[in-house]
Amino acid sequence: MRPPRPPGPPPRLPSHHRRRLLHFHLLAAPLLCFAFLTPALAAAGASPAAAGDTGGEGGIIRTRAAVAWPAMDTKGVISATEVLKKEPVSDVIALKDSMKYFDADFFSDSKLHEMEDGAKEFNVPAFRENRKLVASENGGLHNPSVLLFKSSWSGDSMKSEARTFDYPRASAIHRPSNDEDIAFMSVIELGELIRTKQITSRELADVFLRRLKRYNPVLEAVVTYTEDLAYKQAKEADDLLAQGKYLGPLHGIPYGLKDIIAVPHYKTTWGSRTFKNQVLDTEAFVYKRLKSAGAVLVAKLVTGSLAYDDIWFGGRTRNPWNIEEFSTGSSAGPAASTSAGMVPFAIGSETAGSITYPAARCGVTALRPTFGTVARTDVMSISESLDKLGPFCRSAVDCAIVLDAIRGKDAGDPSSREVALGDPFHVDITKLTVGYLDDAEMEVVDVLSSKGVKMVPFKLNYTVESVQSILNITMDVDMLAHFDNWQREGHDDDYEAQDQWPVELRRARLVPAVDYIQAQRARGKLIKEVRDSFTVDAFIGNMTDWERVCLGNLVGMPVVVVPTGLKSIEDPPKGGTKRRTTVTTGIYAPPDHDHIALALAMAYQSVTDHNKQRPPIDDLGPNDRIHR
């Protein structure tokens, strides 16, 4: 329960009265000095002609006196009442003072007068008219910007017909005897069980719905169970198979969606108490694609409130590998649910770290695709030039399968495009030159080298020093445009974590349009420098380094998160624990080369088993402080 809010500050006067009072204080200062000096002069022997009456008017002391010392002419003094009646001239003073917050305090008073008049006559009416046209609804679901970001380094030459990948077929797959083993099978293995009719989609839906309900009280990873829809879609998948129609490796496979993705008849809460009862009766593009592939939606999974971090209106999502930790990143539910075997795969999103961070923390394989690869129609928007949708899975093979199903262009997302990806299952990795950064996991380097990949030391060089601020300016201003009305109505006061969006979006009000554009120009310079420096086919490195997270998202480059091991937690309980800290690395590729990163990840996982480890959510240890 939220504690009662302390009493707020007294109501603020309207802005025009505040400006008048500011002007009044400046005019009244000499008069106040005179009032306070009079008693002191009297004590020194200067007697007023009349003690006079001192009274208050407008909260200001008013003194009538004629003293023996040289008279002060008060004919020009203006009373508070008279000040408040006058049109304030202090607007220019206030404007001049405020310009320092825009790093533009260089205008003369006459120019500030001109700016004030122009703002009143043109800017403010235009702002209001535009908001009326496009900003009455929150979330950026409609009226996308016509200023589009294209991440491709090859221009229009990459356009081609989308071709499905040539998936391998799992062989000698047999149904395990217990649900636990079924829950941790890969998509491609479960697909083979479905195809060979060793299990039905209805049975799989049962397995994963039971696990979701069993572990969610601890992990807080589920917003809504879509049970009725799951059984309906599972029946359709089973009926199609009975008719001899097999839709592919996702046929009948359960999954979860981050709860910023619209599904008809179910709540799409955006993780926020402001929108917790919101129902958007539209089908997001990514949901349509998965439905047409035969996949079965079992749950809407947690997003941090308004897609920021892991705190949402129902709690805070935990890491299955160490439930005293939180999952981090707004794709908290997809990461935790996949890690815990509550779903075979899930769809999350990233603007700045919301796929990479939770995947690393929860120890799952995930893909942040090239920007524009997956259309975001009917998905809550933070930034139209940064947002990306991507899969959380058990393996890179599964990521490739899911990506193939969800990629594509849609008219509802002008930034989306048909990216001519190569087939990751047919990449000859021995022809690749792959760099590794100083912070790369060397086991990955050694394994890939043993598989015939040419591995070389590498450093990504660029001169732009404002990478992090470029991302923050871009993300925050774009987000404010999509939640302008939310802020104006005061809903930021009800936000779940007051040090997150509320602070950033208030600051975003002070970003001038000219400096937003300058940030985009600096972004263009960064992209050119990164492109020129990218002299390898891919590179290996840490993917939770904040500078690299910002850079990767600004450039639009893909990265595959790969689990590479486990280590002991810090300060473990004395009685021992099976909780662990996951170790991961990132495999980066240039935009439109997701298949290269996926092929390298598949090669690494073909001879290691780090991605197959299971978190200890059933056996936490006798001295752990958190229990189901």
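Just so it is clear, the model here is predicted, and its values are computed rather than measured.
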Exercise for the section: Step by step, work out the side-chain contact (heavy atoms from CB on, under 4.5 Å) result for H610 and E443. Expected result: CA-CA 11 Å; H610 302 303; E443 187 210 30; 3.2 Å; yes
Practice task
Go through the steps to decide whether D259 and L301 satisfy the test side-chain contact (heavy atoms from CB on, under 4.5 Å), and finish with yes or no.
Solution key: CA-CA 5 Å; D259 199 30; L301 303 175; over 6 Å; no
Practice task
Take S385 and S415 through the test side-chain contact (heavy atoms from CB on, under 4.5 Å) and record every step on the way to the result.
Solution key: CA-CA 8 Å; S385 71; S415 295; over 6 Å; no
Problem - side chain to side chain donor-acceptor pair (under 3.5 Å) assessment of N611 paired with T365 - result: CA-CA 7 Å; N611 62 302; T365 307; 4.9 Å; no
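Of the residues D387, V379, D378, the one that meets the side chain to side chain contact (heavy atoms under 4.5 Å, CB included) test with I260 is V379.
With sequence neighbours excluded, the residues satisfying side chain to side chain contact (heavy atoms under 4.5 Å, CB included) with K132 are E129. Contacts of A599 classified as side chain to side chain contact (heavy atoms under 4.5 Å, CB included), with partners at least two apart in sequence or in another chain: V427, I429. Every residue two or more places apart in sequence or in another chain that forms a side chain to side chain donor-acceptor pair (under 3.5 Å) with Q520 is listed here: T474, R523. For the side chain to side chain donor-acceptor pair (under 3.5 Å) test, residues two or more places apart in sequence or in another chain that qualify with D439 are R548. For H595, the ring-ring contact (aromatic ring centres under 6.0 Å, His included) test picks out H593, with sequence neighbours left out. Applying the side chain to side chain donor-acceptor pair (under 3.5 Å) criterion to S330, with sequence neighbours excluded, gives K258, S354. Under the rule for a ring-ring contact (aromatic ring centres under 6.0 Å, His included), F165 has no partner lying at least two apart in sequence or in another chain. For F345, the ring-ring contact (aromatic ring centres under 6.0 Å, His included) criterion is met by Y255, not counting sequence neighbours.
For residues 350-366, the set of pairs meeting the salt bridge (charged side-chain N to carboxylate O under 4.0 Å, His left out) definition, not counting sequence neighbours, comprises E325-R361, E350-R368. Contacts classified as salt bridge (charged side-chain N to carboxylate O under 4.0 Å, His left out) and involving residues 504-518 (residues at least two apart or in different chains) are given here: D476-R507, D484-R509, D492-R506, D493-R506. Counting only residues at least two apart or on different chains, the ring pair (Phe, Tyr, Trp, His ring centres under 6.0 Å) pairs with a member in residues 300-336 are Y308-W501. Within the structure, ring pair (Phe, Tyr, Trp, His ring centres under 6.0 Å) contacts touching residues 535-561 (residues at least two apart or in different chains) are F458-F539, F534-F539, F539-Y588.
Side-chain contact between V364 and V561 is absent, with no heavy atoms from C-beta onward closer than 4.5 Å. Counting heavy atoms from C-beta outward, L437 and I540 have side chains that stay 4.5 Å or more apart. In this structure, the side chains of F275 and N138 come closer than 4.5 Å at one or more pairs of heavy atoms. I596 places a side-chain heavy atom less than 4.5 Å from the side chain of L432. T584 is listed as a side-chain neighbour of M543, based on a closest heavy-atom distance under 4.5 Å. Using a 4.5 Å heavy-atom cutoff, the side chains of P334 and P358 are not in contact. Between R273 and E496 the shortest side-chain heavy-atom distance falls below 4.5 Å. At least one side-chain heavy atom of P457 sits under 4.5 Å from a side-chain heavy atom of Y436.
For the residue pair S152/D592, the side-chain donor-acceptor check at 3.5 Å is satisfied. If you check the side chains of Y462 and D532, you find no donor sitting under 3.5 Å from an acceptor. In summary, the side chains of E529 and T463 do present a donor paired with an acceptor at a separation below 3.5 Å, with no hydrogens or angles considered. A donor-acceptor contact closer than 3.5 angstrom is absent between the side chains of N472 and Q468.
The two atoms that bring S151 and T370 nearest to each other are OG-CG2, 3.4 Å, heavy atoms only.
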